[in-house]
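Hydrogens, waters and symmetry mates play no part in the numbers below; they use all other heavy atoms, side chains included. Predicted model only: the values in this text are computed from it and were never measured. We count residues from 1, following the sequence as given.
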Amino acid sequence: MKTTLIDLTYLIAAALFIFGLKRLQSPQTARTGNQLAAFGMLLAVVATLFLHKIVTPVEMIAGLVIGGAIGAVLARRVEMTAMPELVAAFNGFGGLASALVATAEVARYLIPENSGMALAALLPAVEQVPFDVVQAITIVLSVLIGLVTFSGSFVAFGKLGGYITGNPVIFPGMRLLTLLVALGSLVSMGFVVAGADAFPTVADPVVWGVVALSGLALVLGVLLVVPIGGADMPVVVSLLNSYSGLAAAATGFVLDNTALIVSGALVGASGLILTRIMCEAMNRSLLNVLLGGFGGEAGDGAAVASAEGKTVHEATLEDAAILLAYANKVIIVPGYGMAVAQAQHQVRELADLLQERGVEVKYAIHPVAGRMPGHMNVLLAEANVPYDQLYEMDEINDEFATADVALVIGANDVVNPAARYDRNSPIYGMPILNVDQAKTVLVLKRSLRPGYSGIENELFYLPNTRMLFGDAKESLVKLINEIKNL
């Protein structure tokens, strides 16, 4: 009866995961989708703890309270600009948890039941299953994927947070070293699988194989991510999220836990789909992204400058206010600069003011705008921007030609016309927002410094572009006041 009830709970949890994921497709339903999936995971965790009697009810409640408190504090204190690195950290910890559970399974087989050893008391007293080749394969996959995700995610965390350079890190012989580490990982996995039948009577091949695999997987994760530049970080975050799901699914097979298998498979599959979408949005293959060497930290640039005879047209506040206030249609293009300035609330206030004056306002969202998938959507949702005003690139690109003003706030590479015609550009072929087709392009930016691709933006020098230099938030506040005074 108890097992049946647990299985039913797992089924309900799996259904909640699927419905929650389905509702994440739209900004209007994303919040409830996240809540459904979170509740499903809570059911699965509670059911597992009761099934195996791992902790007492008091310990369970204490864990939920402490974990919930930590999550609430992070949710309130972490700035939206820091959300990408927080997601990377979550991915890393998810991978580490999967690897630790898998290695604990190996340790559990080494400790006889009721042996009196202190470590035995820390390990779950679950029903033993034969440690065979299948079990060994699931364990080594969980360790490999989990620890690659862990170390790789924290390299991404460092790049996104500015703790380490966002430029590609490449040294002579790096490709060969990565290949050797990968081959060493496969050899270690082979030792574990080959020694499965004799384990735990003959434990050395399995134990040392797991130890070697753990170390090599950690190194491999670092080597895979450090050569990737800042321009590809959205793809990296998405791919690492997929890795964390695959590691969880592998651990589900280790533990024979249905809920973990289903949730891990969903995360892994959705992460891979999102990674593919990100690659298509950048016109890059996944292999090209993983080989690294593209993009990095933006270089310095003067506030007003010219390059190769090109002229920058700078707008005054009065000019910008008149352009916006007397337009019929304005399309707002948010970018990472808006996130850095935390200007999303001022963007919404400006849009509301323009709409009161009869201006049609829409928002154009590029799939890789910001530092992670959906970054701009979340920022604008935080400012209570109506969901029906948000349009994806494919939906709105044809409308730029009918817009009086395209207001670009901190975006760079995703609006660079060089992607269309410059075959020597690293972003050539990348689908971009057609802001240059608007009658006037008004760009709010601190300077002319390049984006994460590290290349100059041709948009800044077009005859229909006007640059308003300065902090985005401060510029928007001044623009709002100027429009109110018209």
Side-chain angles (χ1 to χ4, degrees), residues 1-24 29-76 86-87 89-105 107-108 113 119-129 138-139 142 146 149-150 241 244-271:
M1 178 64 182
K2 179 179 177 181
T3 303
T4 302
L5 183 61
I6 296 297
D7 289 340
L8 179 61
T9 304
Y10 283 164
L11 180 61
I12 295 172
L16 288 172
F17 296 153
I18 295 171
F19 284 124
L21 187 61
K22 175 68 175 176
R23 294 183 70 81
L24 290 178
T29 59
R31 188 187 300 270
T32 56
N34 197 33
Q35 292 169 346
L36 284 173
F39 182 67
M41 183 55 70
L42 176 63
L43 285 179
V45 170
V46 171
T48 301
L49 294 177
F50 271 119
L51 172 64
H52 299 302
K53 298 180 181 179
I54 297 172
V55 294
T56 66
V58 173
E59 292 171 333
M60 190 185 305
I61 294 172
L64 290 173
V65 170
I66 294 172
I70 294 173
V73 169
L74 288 175
R76 291 186 175 275
L86 180 63
V87 172
F90 283 161
N91 292 339
F93 284 128
L96 178 63
S98 299
L100 288 176
V101 170
T103 53
E105 281 295 289
R108 185 163 62 88
E113 191 174 354
L119 183 59
L122 300 177
L123 298 173
V126 299
E127 182 181 354
Q128 290 278 1
V129 293
T138 58
I139 286 176
S142 183
T149 303
F150 174 67
N241 181 55
S244 68
L246 294 175
T251 305
F253 282 105
V254 172
L255 300 177
D256 194 24
N257 187 295
T258 305
L260 199 54
I261 294 172
V262 172
S263 61
L266 287 173
V267 172
S270 59

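- Take L42 and apply the side chain to side chain contact (heavy atoms under 4.5 Å, CB included) test, not counting sequence neighbours, and it matches F39, V46, L64.
- Considering all non-hydrogen atoms of both residues, G20 and L36 come closest at CA-CB, 4.2 Å.
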Donor-acceptor contacts, no H, no angles, side chain residues 258-269, under 3.5 Å, sequence neighbours left out:
from: S263; atom 1: OG; to: A259; atom 2: O; distance (Å): 2.9
from: S263; atom 1: OG; to: L260; atom 2: O; distance (Å): 3.2

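- Under the side chain to side chain contact (heavy atoms under 4.5 Å, CB included) criterion, T32 pairs with R23, T29, Q35, not counting sequence neighbours.
- Take I66 and apply the side chain to side chain contact (heavy atoms under 4.5 Å, CB included) test, not counting sequence neighbours, and it matches I70.
- The OG1 atom of T103 sits 5.0 Å away from the CG atom of L100 when rounded to the nearest 0.5 Å.
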Exercise answer: donor-acceptor pairs, residues 246-255 side-chain atoms, under 3.5 Å, sequence neighbours excluded:
from: T251; atom 1: OG1; to: S98; atom 2: O; distance (Å): 3.4
from: T251; atom 1: OG1; to: S142; atom 2: OG; distance (Å): 2.6
from: T251; atom 1: OG1; to: A247; atom 2: O; distance (Å): 2.9

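- Residues meeting the ring-ring contact (aromatic ring centres under 6.0 Å, His included) test with F150, sequence neighbours left out: F154.
- Rounded to the nearest 0.5 Å, atoms CG (L11) and CG (L16) are 9.5 Å apart.
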Audit row: F90, N241, side chain to side chain contact (heavy atoms under 4.5 Å, CB included) steps and yes/no: CA-CA 9 Å; F90 283 161; N241 181 55; over 6 Å; no
